[in-house]
Every structure is written in C-alpha cells, then in structure tokens.
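Order of the sequence lines sets the chain letters (A, B, ...), proteins ahead of strands, with each chain counted from 1. The basis for the numbers below is simple: all heavy atoms, side chains too, and nothing from hydrogens, waters or symmetry mates. The shown structure was predicted, so the numbers you read here are calculated from the model rather than taken from an experiment.
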Amino acid sequence: MSSLDPSFLIKAPTHPVGVYKVSKNQVFKDHRRFGFSNIVLVLTILFLFTPLIVVITYSFNSSKGMMWTGFSLKWYAALLFDSEELWRAFLNSFIIAISSSAVATVLASLAAVGIKWYSFKGRQFIQTLSFLPMVLPEVIIGISMLIFFTAIKLPLGMFSIFIAHTTFNLPFVFLLVSARLDEFDFTILEAARDLGASERQTLMKVIVPSIMPGVMSGLLMSITMSLEDFVITFFVSGPGSTTLPLYVYSMIRYGVSPVINALSFVLILSIILLAFALRRFLKVIAASS
Amino acid sequence: MMNNRKREIRLGTTYSFPMGIWLFIFFLVPLLIIILYSFMKKGLYGGVEWEFSLAAYRQMFNPNFMRVLVRTIVVSVAATFFTMLLALPCGYAMARSRNQTLLLALIIIPFWTNSLIRIYAWIAILSSEGFLNETLKFFHIISESLPLIYNQGAVVTVLIYMYIPFAILPIFTTIDKFDFQLLEAARDVGANKTRAIISVLLPNIRSGIITSFIFTFIPIFGAYTVPLLVGGKDSYMIGNIIVDQVTKTRNWPLASAFSLILTLLSTLGVMWMMVSSAKERSQSGKKNPSFRQGGNL
C-alpha cells in the first residue's frame, strides 16, 4: 500500500452503520448529559448559529440599521422585484454551477471507477493529483489559474470560471464516489461478465446504478461549492461574468443594503433543504471534507 | 490471463484519463508556471520577462513582508489552537451521541452557507453600529460603541468561526470509528476518565487530529477574505500580499514566489497527514480490510 493513497479520508463503512452503532454506543454510552464535551458542543453550535440567526432576524426589520423598529417584508420585496443585478449574478452562478458540476461529476465518477477497480500505469499519479486541489489554499489555485489563463491568452469570463470550478469540484466528487465504491462488492462485475454482459452493458446496467447515490451526492456537493465559491472566482472572472458571491462581495465592500439579509435567509434555507436531502450521506460527506 | 491484464489496463486508462488530463492541464500546469515565474524578471505591466532572476526571492526578505509573515504565523497558530481546542470535545460528544445525523447537519449547515454571507453576518454583529454594540447600548451597559471590528481579535474570531467545521468533521469521523470498549477497559484497570482519554483515546485518533489540524491550519495560513473584510490596516496576511502583488503592484514573480512557499507548506502538511495515517493503518491493518485489499485484483 503506497503512502499516497487518499482513500483514508473516507471512512469505509465496512458494516451496516446502524447495527454497529447500537452495540457500540448504546451499551457504553456516556450517560452524563451535562458532561464537559456536551457543553462545549452546545456552545459551539450556538456560536455557529448566532450570526446566521441575527442576520435572519434583521431581514424582517423595517428599518435599515441594527435598531429593531418593527416587522416588515420590504427587504424581501426589494430582493424579488428590485434587484435586477443580483438576479443576473445569480443566473451566471447557476449556469456555471450546473455546467461545471455536471462535467466534474462525469469525469470524476469515471475516474473513481477506473482507479478503484483497475490497476494501470499512472493510477497513483492521478489519485495524488486529484487530492492536492483540496488542500491547497484557494488563493494559490485562483492566482495560478489567473496566471495560466493570461499566459495562454484565454479571455477571462464565464468560460474561465467554468474551467476553474470544474477543476476544484473534481476532487470532491472523486472522493464521494470512491467512498461509495469501497462499499461495493466488485465480484458482481465478474458475475455480470460471466453471464455475458459486454463492457458497455456492465457499465450501464451494473456500475452506474450501484454508484448512483455517491454520484448524486457528489453532484449536489459540487453545485453547492460552485455556488459558494468566492476566492477562486474572484481571480478568474472578467467583465460581465459577475457571480452571486462576487456580487455579495461588492455589496459588502461598497455599501450594504438589508437586501443582503433577505438573500442570506433564502440561501441558508436552501442549504438546510440540501442538508435534509443528503441526510443519509452526511457521514460520508463529513469524512471527505 | 494476459488478455485480462491488458483489458484491465485499457479500461482503467479509459475511465481515469479524462480527469487525469483535466487536472494535469488546469491544476498542475498552472502550478508549474508559478514555479517558473518565480525565477523570472518582473514585467513592466504584470507578466514576466523571460530572463532568469532571483530578485523575487530577494524581495521576500523585505522587513515589511517579514512582519506580515510573522503575523500570519501568529494569527494562524492562535486561530488553529482555539479551533482544535473546541473541535476535540465537539467531535467526541458527536461521536457518542445518538443523534449523529442531526448534529452533523447542525455543523454542516453553517459550513455550507456562503462564506461571504457568514463574514457579512459577523460584520453585522461586530461593527460600531452593529448588533452587539446596539444591544449593549440598549441595555445601557455601554454608552459609546466598542471597537469590536477591524482588529486582530475580530480576524481570529471569524477565522475560528469559518474553519471550526473543517476541524470537527475529521475528528468526529475518527472518534466514531474508535472502539469505546477500550475506554471502559482503561477505567476498569484503574485509570480515571481524564487519564483514559489522554492515554487511550487521543493516541488512537492521532490521524484524525492531524488531518483536522492540516485542514484548519493550511487554509487559515492562506486566508484572504477574512483579514480583508474584518481586519484593520495591520491585519494583512500572506494571502493578501500575494493578491496585491498580482492585482495592484503587478509583481508576478514575487506573488509566484510567495505562492510557491504556501504550496510547499501545504504539500509538507499533506505528506505528514498521509504518513501518519498509513502508519496507523499498518498498525491496525487487520481490523478493517477494505474490499480492494481483500479482493483478488
């Protein structure tokens, strides 16, 4: 086993999680509810949510400042009907998120299958390469891409953002699909071949359906990451390709309007829905981020 | 047999190469260009002149940059320290809880929320007419706004806030795999709870602690947005220097040299992480055989 195998990042669920958990955690459960670690956890969760709750609360404030003057939905009205630029930025973000995560999901899922199931020259190289973008500071990735695009004279805009987002999405999909493959019994593949399935049939009828949950969670994760990225996008965007985070940045820097509070609530709400949709994969996601 | 082997190579290659080539062109080549550029002469309007030069590396030792470097180290160490201090008990409590999914969701929801929105929320809380100052004034605890933002304290607080999920998740994952019967055994032979945790739990989750350290320290070390938006004049970190060198001063070789240092630091961290987890695996290798190792590929 080479030391450059990033699959350790994934907790390979070698047993049905539920069964193991009951025997392990309920018998030896720490019954002291107010133990030190539980208190720290509760305080940390409060710490994590307080800023979000403050912003959400003030999105319903009728005045601009942080003095509470009464309930109002006017910032939501402004968000919906009077924020044309914001929606254009959102549309850009949306186009890039969908296209880059679709490409990343296809490329990374195929690569995960290739690397987990077959051995060939260059396998280790690709695996290591797929891991590095996750740890490098975003500023470095952004700057190196900016310099690269300038060197090859590719104009900065939607296309360069698409390339950058696909690049940073690949590792996450790769890890999530790899985790799914670790659970998969590959003797099924031999069975399929013994029964006379062609390579294409094996791929479409056996491999694809069985790794679908990993692929879907990878797709959703990369859509989220693409919608959320600011630093890398900041460097590779050009005129006319403002994304939502870039727009929020300009709002923060050059005059805050409470519309941003209303926008925050909408975004937080969609993240809550996403976390709910992915609730069965949260453990795998926790292990890969 | 020979046919099978050939087929395996062909399939593995077909499946993996599209991603390999993509990452090679759009990730590795840009990094190599940065290495190359750091040894070039600065171009007049950005870019470089194709002439070998060590000027960038000499400029790095400018006392201004050294001050920023020292500050970056101090801020990163402080923020990482507090983050880990909170993350360890959190990961432990989550792993022992019956509501793991809910707790994971509660950690992951803020983590996935747009980072600019989270920074903005802190600005709304800390600024001179922000939530905290207005609330304190409302209850007549203070009469003048406190300077809570645009200083080092705000930078460290917001950095802890941004990166604490990165630290909690790997620690949770390793503690969750830990066999708690070992703790019971330690206590049966007379260790008290603290002693059992220090000498039985912590050594067993070493790789998780290292992973979460790396995933916290490296991004904080390269932080750009947080010092820019909640820091003051004296809060600049290396990330800000790099960006200014590219966008304002247009000294690309210098930006490349700084980037190279950060890249090397990250690579060292990753290698440390991989070595430590490989070691751990070889020690407990038989406990958790993965399918691939157990199979006949």
To the nearest 0.5 Å, tell me how far [X] [atom1] sits from [Y] [atom2].
X	Y	atom1	atom2	result
A:Thr50	B:Ile125	OG1	CD1	6.5 Å
B:Asn114	A:Leu244	CG	CG	6.5 Å
B:Leu28	A:Leu132	CG	CG	8.5 Å
A:Glu228	B:Ile117	CD	CD1	10.0 Å
A:Leu136	B:Phe27	CG	CZ	5.0 Å
B:Cys90	A:Ile39	SG	CD1	12.0 Å

Residue [X] versus chain B: region with a heavy atom under 4.5 Å:
X	result
A:Arg280	neither
A:Val135	both
A:Ile252	side chain
A:Val40	both
A:Ser264	both
A:Thr166	both
A:Phe168	neither
A:Leu267	side chain
A:Thr167	both

Evaluate the ring planes of [X] and [Y], with Trp represented by its six-membered ring, and classify them as parallel (under 30°), tilted (30 to 60°) or perpendicular (over 60°).
X	Y	answer
B:Phe24	A:Phe125	tilted
B:Phe26	A:Phe149	tilted
B:Phe131	A:Tyr58	perpendicular

So, for [X] and [Y], which heavy atoms are closest and what is the spacing to 0.1 Å?
X	Y	answer
A:Ser37	B:Pro89	CB-O, 3.4 Å
A:Leu107	B:Met19	O-CB, 3.8 Å
A:Ala286	B:Leu169	O-CB, 3.5 Å
B:Val270	A:Phe131	CG1-CE2, 3.4 Å
A:Pro137	B:Gly222	CB-CA, 4.0 Å
A:Val103	B:Trp22	CG1-CZ3, 4.3 Å

What part of [X] gets closer than 4.5 Å to chain A, counting heavy atoms only: side chain, backbone, both or neither?
X	answer
B:Ile168	side chain
B:Ile33	side chain
B:Ile218	both
B:Ile34	side chain
B:Leu23	both
B:Ser127	neither
B:Leu32	neither
B:Thr225	side chain
B:Ser266	side chain

Best-contacting candidate, [options], against chain A by heavy atom pairs under 4.5 angstrom:
options	value
B:Leu86, B:Thr113, B:Leu31	B:Thr113
B:Ile9, B:Ile238, B:Leu11	B:Leu11
B:Ala105, B:Pro18, B:Ser115	B:Ser115
B:Phe258, B:Phe172, B:Trp112	B:Trp112
B:Ile160, B:Leu106, B:Leu229, B:Leu116	B:Leu116

Taking the side chain as everything from C-beta on, heavy atoms only, tell me whether A:Phe235 gets closer than 4.5 Å to B:Val246. no

Out of A:Asn261, A:Leu263, A:Val248, which residue meets the side-chain contact (heavy atoms from CB on, under 4.5 Å) rule with B:Tyr120? A:Asn261

Apply the side-chain contact (heavy atoms from CB on, under 4.5 Å) test between B:Ile108 and each candidate in A:Leu282, A:Leu274, A:Leu278, A:Ile271; give the one that qualifies. A:Leu282

With respect to chain B, which residue among [options] yields the maximal number of heavy-atom pairs within a distance under 4.5 Å?
options	answer
A:Val139, A:Val42, A:Val113	A:Val139
A:Pro133, A:Ala112, A:Ser109, A:Gly122	A:Pro133
A:Leu129, A:Leu227, A:Ile141	A:Leu129
A:Thr44, A:Ile260, A:Ile268	A:Ile260
A:Ala151, A:Gly114, A:Ala104	A:Gly114
A:Asp229, A:Thr150, A:Leu170, A:Val55	A:Leu170

Any chance [atom1] of [X] has more than 12 other-residue heavy atoms, nucleotides or ligands included, within less than 6.0 Å?
X	atom1	answer
A:Phe49	CZ	yes
B:Glu129	CD	no
A:Arg193	CZ	yes

Go through it in stages, so that I can follow the logic: the residues are A:Ile140 and B:Ile242, the test is side-chain contact (heavy atoms from CB on, under 4.5 Å), and I'd like the CA-CA distance, side-chain angles, deciding distance and then a yes or no. CA-CA 9 Å; A:Ile140 308 292; B:Ile242 295 177; 4.1 Å; yes

Show the numbers, then the answer: is there a side-chain contact (heavy atoms from CB on, under 4.5 Å) between B:Ile109 and A:Leu48? CA-CA 9 Å; B:Ile109 287 165; A:Leu48 285 172; over 6 Å; no

Worked verdict on A:Leu203 versus B:Tyr15 for side-chain contact (heavy atoms from CB on, under 4.5 Å): CA-CA 11 Å; A:Leu203 180 70; B:Tyr15 285 150; 3.5 Å; yes

Could you go through the side-chain contact (heavy atoms from CB on, under 4.5 Å) check for A:Phe234 and B:Tyr224 one step at a time? CA-CA 11 Å; A:Phe234 179 67; B:Tyr224 162 71; 3.3 Å; yes

